[in-house]
Amino acid sequence: MSVRVRFAPSPTGYLHIGSARSALFNYLYARKVGGKFLLRIEDTDLARSTEESTRSILDGMEWLGLDHDEEIIFQSDNADKHRVTAKKLLAEGKAYRDFTPKAAPTDASVKDAIKDRARANQGEKNMRDNPYRNLSAQESDTRATAGEAFAIRLLVAENGNTCFHDSVYGVQERDYAETEDLVLLRSDGHPLYNLAVVCDDIEMQITHVIRGQDHLTNTHKQILIYEALGVTPPTFAHLPLIMAPGKGKLSKRKHGEIVSLTTYRDAGFVPAAFRNFLALLGWSAGEEKEIYSLDELIEKFSFDGIHRSNAIFNFKENDPRHWTDDKALWMNAEYIRTMPLAELLPMVKAELKAAKLWREEYDQESIALSADIPSTALLGADGRPETVALENRQIGSHSWYIHTVDLIRSRFFTLKDFSSQGRAYFSEDFDFDPAAVAKNLGKFPELREWLPVLADRFASEFSESSPPYEGGVAEGRGGSLPYTEENIETVIKAFTEEKGSKLGVIMNGARTLLTGVAVGPSMLSVFEVIGLERTLMRLRSQVAWNTVIET
RNA sequence: GUCCGGUUCGUCUAGGGGUUAGGACACCGCCCUUUCACGGCGGCAACACGGGUUCAAAUCCCGUACCGGAUACCA
């Protein structure tokens, strides 16, 4: 029988990164063995389920590139079948009616109530002491016919145990005495989770159930249902949990957006990078290697590589530099600076569009490049993402945009950086980072006089500049030197010497005026990419200087 | 309480009787750019504790501690 796995989230909020990882592992396993990866929305909790969150889950999976097979199953559509199954078990004497009035819901901290009750029982509770357990079929029928409300509970045997081999946790045994006669059907006719899951998994012909370790005890209950139904249970593989720093639960309530997959999409993560990061949380191929393409993950995936211990998703609240797991951030930066340009370009385009920095002429250039680079060439021979060598791609002088993206990506952590840190490359309307201004301009007041002079020097030395931007003033082409890195270096060095200053001071001052920020690629490339005319304007501009805080 | 898991650098992890306990991130330093970064090199830093078994234990066994999960007419 071919493998069929499923991801079965309940649509009661956005896609949690823990769920996303479960989905990923299901996906990887299915793709590895050539099986089917199915999706089932467990929307039986009508009160909490929303269409919006179903949408969000679907979006999240699409973003991660986890395409599912076959039609999406909505569990609520199967409620009738679940009821039929419960009644069948009742008729067969494998379940019984419980006429105990439904307990008043303790809305205040349900978990604590359960805990308290369990503690009160001191572990001595007899799971078989339900008074209706041994009611005669006749009396049970009579009371039911009379209209008395009842729940249907599974009749769990007195002696014995449930046992299964978990692909991750090994042999799991549980004495029947530890398992109550679980409710299959609520007194209002609503099928409960364990019954619904088993029925659906049977109907969907699921062969492997891969889910969070928090379901380990549910598995024993579900096996009892499988046995009552006379169906062989699927193989189970439980995954370790993803915890918050301090080993606490990683919850929406306590940690907010950090646990939502969409946060990473919106924060400028490259899907492949986040997927890569997620795969390495609780799983390892046993190699000294961090970067894995999707194909490699599929190829290397195995249950043996999954841990039994929980992993901590490490982040520091209130620390912008470490707002999420450092490794995730690093991995994203790694992808941004090393992935094939042809794959990065569309993401940068989307980002620039969103920031209203996009220009149509950039597109012509992207297309020319994409055609030249097979998008399947994800990884180089050494297993690392391949960097595209622009020189070899016959990028003409018109490819300013692509050249610029390739240049500035080496210092970026997220796609957002292209429109924030990198804004000055694409627009005249950019801000100056106060820290950069203070460090590189504020400390060197002489630059206020010098940099415009440097601009004059440039104007008289250089001859040509043709970047695609608007608002440039066609002036000062008195010189004959082409505006290239080599020539810029010569001119600046001479200027620095003349002033008896240090190159670093001039360079960093210019960097701040030209880009608004303190970090970036080699300054010589920055001059070139910004172009002569914009360089002149920005070196002469007083805007940044006016933001220097006088001390 | 009971049941079930777990415990290797701060974090993700490799290793599963003999290793200088390896890698990655983070952090720190040096080098490279008469510049910030990127990059290169290096540093700091771990086998929870106690008993056993053994010539030899991070590794196997037992116990303790701590952490997590589960214990619903929730999913």
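Just so it is clear: chains get the letters A, B, ... in the order the sequence lines come, proteins before strands, and each one is counted from 1.
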Visitor: Using purine N1 to pyrimidine N3 plus N6-O4 or O6-N4 for Watson-Crick, or N1-O2 and O6-N3 for G-U wobble, each under 3.5 Å, what pairs with rC49(B)?
Guide: rG63(B)
Visitor: Counting Watson-Crick and G-U wobble pairs only, both distances under 3.5 Å, name the nucleotide matched with rC38(B), or none.
Guide: none
Visitor: Please name the nucleotide paired to rG10(B) by Watson-Crick or G-U wobble geometry with both distances under 3.5 Å, or report none.
Guide: rC25(B)
Visitor: Answer yes or no: is there an ion pair linking Arg128(A) with Glu180(A), defined by an N-O contact shorter than 4.0 Å?
Guide: no
Visitor: OP1 or OP2 of rG39(B) less than 4.0 angstrom from a side-chain nitrogen or oxygen of Arg337(A), does that happen here?
Guide: yes
Visitor: Please compare Asn194(A) and Leu280(A) by the position of their nearest nucleotide in RNA chain B and report the one closer to 5'.
Guide: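 Of the two residues, Leu280(A) wins.
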Visitor: Can you list the residues that meet the ring-ring contact (aromatic ring centres under 6.0 Å, His included) rule with Phe430(A), with sequence neighbours excluded?
Guide: Phe432(A)
Visitor: For Lys249(A) and rG68(B), is the shortest distance between a side-chain N/O and OP1 or OP2 below 4.0 Å?
Guide: no
Visitor: For a quick check, with a 4.0 angstrom heavy-atom cut-off, what is the B/S/- contact string for nucleotides 14-30 of chain B, read 5' to 3'?
Guide: S-------BBBSSS---
Visitor: Does His190(A) have a side-chain nitrogen or oxygen under 4.0 Å from the phosphate oxygens OP1 or OP2 of rA75(B)?
Guide: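 So the side-chain polar atoms of His190(A) do come within 4.0 Å of the phosphate oxygens OP1 or OP2 of rA75(B), strictly under.
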Visitor: Base, sugar-phosphate alone, or nothing: which one does Glu489(A) contact when heavy atoms must sit under 4.0 Å apart?
Guide: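 Sugar-phosphate: the residue Glu489(A), judged by heavy atoms under 4.0 Å, touches backbone atoms but no base.
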Visitor: Between rG1(B) and rA48(B), how far is it from one C1' atom to the other, in whole Å?
Guide: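 Nearest-Å result for rG1(B) against rA48(B) at atom C1': 25 Å.
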Visitor: Given Asp181(A), which partner from the list Arg97(A), Arg153(A), Lys221(A), Arg133(A) fulfils the salt bridge (charged side-chain N to carboxylate O under 4.0 Å, His left out) test?
Guide: Arg133(A)
Visitor: Does Ser187(A) make a side-chain donor-acceptor contact with the base of rC73(B), cut-off 3.5 Å?
Guide: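 Such a pair is found, so the answer is yes.
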Visitor: With rounding to the closest Å, how many angstrom separate the C1' atoms on rA45(B) and rG39(B)?
Guide: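 So the two C1' atoms sit 24 Å from each other.
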Visitor: Taking donor-acceptor contacts at under 3.5 Å, does the side chain of Arg174(A) reach the base of rC4(B)?
Guide: no
Visitor: Looking at every strand, decide which applies to Ser410(A) at a 4.0 Å heavy-atom threshold: base, sugar-phosphate, or nothing.
Guide: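 Answer is sugar-phosphate: Ser410(A) comes under 4.0 Å of backbone atoms only.
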